[in-house]
S.K.: 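Would you mind keeping the following structure in view while I ask a few things?
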2 protein chains.
Amino acid sequence: MARTQGSHSDITGPRIREAALRLFAQHGYAAVSMRQIAKEVGVQAGALYNYTPDKQSLLFNLMAGHMADLQAAWDAVPQAGSALERLRAFTGFHIRFHLERPDAVFIAYMELRNLTEENFTVIESLRRDYENGVEGILKQGVEQGVFTIPDTKIATLAVIAMLNGVNTWYRSEGRLSLDEVERVYWGMVQKAVST
Amino acid sequence: MARTQGSHSDITGPRIREAALRLFAQHGYAAVSMRQIAKEVGVQAGALYNYTPDKQSLLFNLMAGHMADLQAAWDAVPQAGSALERLRAFTGFHIRFHLERPDAVFIAYMELRNLTEENFTVIESLRRDYENGVEGILKQGVEQGVFTIPDTKIATLAVIAMLNGVNTWYRSEGRLSLDEVERVYWGMVQKAVST
DNA sequence: ACAATAACTGAACAGTTGTTCAGAAAAAAG
DNA sequence: CTTTTTTCTGAACAACTGTTCAGTTATTGT
């Protein structure tokens, strides 16, 4: 056998990335073999190498793509208004964005140690960019006197860590709606940084 | 060759656990082989099986041991005083305990997916016990009117997630002392839950 | 109808995986 | 000193790893 019926590059490519994303999130990068990914897609392992030069690139591209999506989505959120309003917007954005792609978020935070040194540097840089955007809001609030924060860098990381935690417990069928979750977290974030 | 000079069970056992802890934290459970652990200890791979029935048990015992240590240490902290004082004590305890064992913490949070189903259940239960202790403090504060929290379960997870974040950036040679870190985080935790 | 190209198979490569076990040597017990 | 026990080696097992590639087939272009 060789080329199969209905085989198309623009279909197989995304399917490989989807399968890899899900499997990496579920079992971890190192625990997932190329043959498992291929099986999920319904293809032989060798076929994967038409779409990625190697396994490491597959992971890196998933992570880099996620970080790029995150930054682009956040850049698209209008930044008008006071520091308080901007932080409110960030809280809602961050929670919703992360809850929509739990697998990508999981990988982006858990598989950093499986990146080569250069790939790690790239991802870390993208993450810092995102964090700096948040820190900018906090700094603005401090200057305007509406926020009281002894260290904006730590506060940034603390806020993000707190919001990321939602991914560990939120289930869409659960007790709380997305709006309620957002309101609860915003209450805590707002109080934590306010004067 | 066979038994080597100076070989002792009560030395090799702990050394295996230490090596496994460090390597699992650094590269991930699935990415570390029994031969790598053995090499670190200075022994052949087969020798490890005098100390653990298999690789899975090695991971599980590290995680279960960590959770037991955590609970025992927290139980040893006196619980007298107001809800605010108890939460203050928890904040300091949690930060310090976690910063003292970054590897164990990392594993306990990151390697859950590499546990068998039954082992996972056990660890999850231990984690819930710990969280329930924290929630008890928040509930007490709500009853006494000093805390305003719409959902104590979420607030518990949010506080813990925020505190856990310290492990991702704190370095003992860094800008801030432990006392300063504790004060900054306590400021945010306290404000986030207070009335 | 035919040629060119894109997509995939299936086998093969050398190396690694967790785990078992007979045997050997050091330490402890007598 | 001799026997027993503890601790470890070294080889072996079958299964699996990421990756390459010649060959085969479906699709596209002419």
Side-chain angles (χ1 to χ4, degrees), chain A residues 1-21 23-24 26-63 107 111 113-119, chain B residues 1-21 23-24 26-63 107 111 113-119:
Chain A
M1 269 185 279
R3 182 168 187 174
T4 56
Q5 277 205 352
S7 66
H8 287 296
S9 176
D10 43 349
I11 291 181
T12 307
R15 293 227 309 163
I16 289 173
R17 283 187 287 276
E18 286 162 23
L21 186 76
L23 289 172
F24 287 166
Q26 201 160 88
H27 306 108
Y29 172 77
V32 174
S33 71
M34 294 301 264
R35 283 172 182 81
Q36 283 177 55
I37 298 171
K39 191 171 191 177
E40 200 85 355
V41 178
V43 102
Q44 292 296 318
L48 302 184
Y49 291 86
N50 290 323
Y51 302 93
T52 183
D54 46 44
K55 194 187 176 189
Q56 167 73 204
S57 302
L58 192 51
L59 174 64
F60 172 71
N61 285 326
L62 287 174
M63 293 177 72
I107 288 176
E111 301 294 357
R113 59 187 169 181
N114 285 310
L115 291 174
T116 61
E117 204 177 306
E118 30 187 359
N119 286 345
Chain B
M1 269 185 276
R3 180 167 188 174
T4 56
Q5 277 207 357
S7 67
H8 287 295
S9 175
D10 42 347
I11 291 180
T12 307
R15 292 226 311 164
I16 289 174
R17 282 186 288 276
E18 286 162 24
L21 186 75
L23 289 172
F24 287 166
Q26 201 160 90
H27 306 108
Y29 172 77
V32 174
S33 70
M34 295 299 266
R35 283 172 181 83
Q36 283 177 56
I37 299 171
K39 191 171 192 177
E40 200 85 353
V41 178
V43 102
Q44 292 296 317
L48 301 184
Y49 292 85
N50 290 323
Y51 302 92
T52 182
D54 45 42
K55 195 187 175 189
Q56 168 73 204
S57 302
L58 192 52
L59 174 63
F60 172 71
N61 285 326
L62 287 173
M63 293 176 73
I107 289 175
E111 301 295 356
R113 58 186 170 182
N114 285 310
L115 290 174
T116 61
E117 205 178 305
E118 32 188 357
N119 285 345

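Protein chains get the first letters and strands the later ones, always in sequence-line order, with residue 1 at the start of each.
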S.K.: Taking the nucleotide of DNA chain D with the nearest heavy atom to each, does A:Ala47 or A:Val32 sit closer to the 5' end?
M.R.: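 With A:Ala47 and A:Val32 compared, the 5'-side residue is A:Val32.
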
S.K.: What is the distance, rounded to the nearest whole Å, between atom OH of A:Tyr49 and atom P of D:dT17?
M.R.: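 In whole Å, D:dT17 P and A:Tyr49 OH are 11 Å from each other.
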
S.K.: Whole angstroms only, please: what is the CG-P distance between B:Leu58 and C:dT17?
M.R.: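 Whole-Å distance recorded here is 15 Å.
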
S.K.: According to the salt bridge (charged side-chain N to carboxylate O under 4.0 Å, His left out) rule, which pairs have a member within residues 39-53 of chain B, sequence neighbours left out?
M.R.: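 Qualifying pairs: B:Arg22-B:Glu40.
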
S.K.: Counting side-chain heavy atoms from C-beta on, which of D:dG18, D:dT7, C:dT17 comes nearest to B:Asn50?
M.R.: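 When the side chain of B:Asn50 is considered, D:dT7 is the closest of D:dG18, D:dT7, C:dT17.
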
S.K.: Of all residues at least two apart in sequence or in a different chain, which pass the side chain to side chain donor-acceptor pair (under 3.5 Å) check with B:Gln56?
M.R.: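 Here the qualifying residues are B:Asn119.
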
S.K.: Would you mind reading off the distance between A:Asp54 atom CG and D:dT20 atom P, rounded to a whole angstrom?
M.R.: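 My rounded result for the distance is 8 Å.
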
S.K.: Between the axis at one end of the helix from C:dA1-D:dT30 to C:dG30-D:dC1 and the axis at the other (five pairs apiece), what's the angle to 10 degrees?
M.R.: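 About 10°, once rounded to a multiple of 10°.
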
S.K.: Sequence neighbours excluded, which residues qualify as side chain to side chain donor-acceptor pair (under 3.5 Å) partners of A:Gln44?
M.R.: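 None.
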
S.K.: Using every non-hydrogen atom in the two residues, find where B:Ile11 and B:Pro14 come nearest and quote the distance to one decimal.
M.R.: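 Residues B:Ile11 and B:Pro14, closest heavy atoms: O-CD, 3.4 Å.
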
S.K.: Heavy atoms only, 4.0 Å cut-off, all strands: where does B:Gln36 land among base, sugar-phosphate and nothing?
M.R.: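 B:Gln36: backbone/sugar contact only, no base atoms under 4.0 Å.
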
S.K.: Rounded to the nearest angstrom, tell me the gap between atom CE in A:Met34 and atom P in C:dG10.
M.R.: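 Rounding to the nearest Å, CE of A:Met34 and P of C:dG10 are 18 Å apart.
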
S.K.: In whole angstroms, how far is the C1' atom of D:dC16 from the NZ atom of A:Lys55?
M.R.: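 It works out to 12 Å between those atoms.
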
S.K.: Verify side chain to side chain contact (heavy atoms under 4.5 Å, CB included) between B:Thr52 and B:Ile16, making sure each step is shown before the conclusion.
M.R.: CA-CA 9 Å; B:Thr52 182; B:Ile16 289 174; 5.8 Å; no

S.K.: Side chain of A:Tyr51 only, please: which of D:dT7, C:dC8, C:dG18 is the nearest?
M.R.: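 Looking only at side-chain atoms, A:Tyr51 lies closest to C:dC8.
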
S.K.: Atom CG of A:Leu48 to atom P of C:dT9: distance rounded to whole Å?
M.R.: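 Spelled out: CG on A:Leu48 to P on C:dT9 is 9 Å.
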
S.K.: Atom CD of B:Gln56 to atom C1' of C:dT19: distance rounded to whole Å?
M.R.: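 About 15 Å, once rounded to whole Å.
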
S.K.: Of all of residues 38-46 of chain A, which get a heavy atom below 4.0 angstrom from DNA chain C, listed by number?
M.R.: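 Here the set is A:Val43, A:Gln44, A:Gly46.
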
S.K.: Quick check: does any side chain N or O of A:Lys55 sit under 3.5 Å from a backbone N or O of A:Tyr29, one acting as donor and the other as acceptor?
M.R.: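 Pair found, side chain donor or acceptor close to backbone of A:Tyr29.
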
S.K.: B:Arg15: what forms a side chain to side chain donor-acceptor pair (under 3.5 Å) with it, not counting sequence neighbours?
M.R.: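 Checked B:Arg15 against side chain to side chain donor-acceptor pair (under 3.5 Å); zero matches.
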
S.K.: Considering residues at least two apart in sequence or located in another chain, which fulfil the side chain to side chain donor-acceptor pair (under 3.5 Å) criterion with B:Asp54?
M.R.: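 For B:Asp54, the residues satisfying side chain to side chain donor-acceptor pair (under 3.5 Å) (neighbours in sequence not counted) are B:Ser57.
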
S.K.: Kindly give the atom pairs (protein nitrogen or oxygen, nucleotide nitrogen or oxygen) under 3.5 Å for nucleotides 12-16 of chain C.
M.R.:
from   : atom 1 : to      : atom 2 : distance (Å)
C:dA12 : N6     : A:Arg35 : NH2    : 3.3

S.K.: Mind checking what makes salt bridge (Lys or Arg N to Asp or Glu O under 4.0 Å) contact with A:Arg35, not counting sequence neighbours?
M.R.: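 Scan of A:Arg35 (salt bridge (Lys or Arg N to Asp or Glu O under 4.0 Å), adjacent residues dropped) gives none.
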
S.K.: In terms of side-chain heavy atoms of A:Thr12, which of D:dT19, C:dG18, C:dC8 is nearest?
M.R.: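 Within the option list, the nearest is C:dC8.
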
S.K.: With sequence neighbours left out, write down each residue that passes side-chain contact (heavy atoms from CB on, under 4.5 Å) with B:Ala30, or none if nothing qualifies.
M.R.: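 If we apply the side-chain contact (heavy atoms from CB on, under 4.5 Å) test to B:Ala30, skipping adjacent residues, the hits are A:Ala30, A:Ala31.
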
S.K.: Could you tell me the separation between the CD1 atom of B:Ile11 and the P atom of C:dA27, rounded to a whole number of Å?
M.R.: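 From B:Ile11 CD1 to C:dA27 P: 11 Å.
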
S.K.: Looking at B:Arg113 and A:Glu111, is there a salt bridge between them, counting it only when a charged N and a carboxylate O are closer than 4.0 Å?
M.R.: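 Counted as a salt bridge, because a side-chain N and a carboxylate O are separated by less than 4.0 Å.
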
S.K.: For residues B:Phe24 and B:Ile37, determine if any side-chain heavy atom of one lies less than 4.5 Å from a side-chain heavy atom of the other.
M.R.: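 The answer is yes; the side chains approach within 4.5 Å.
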
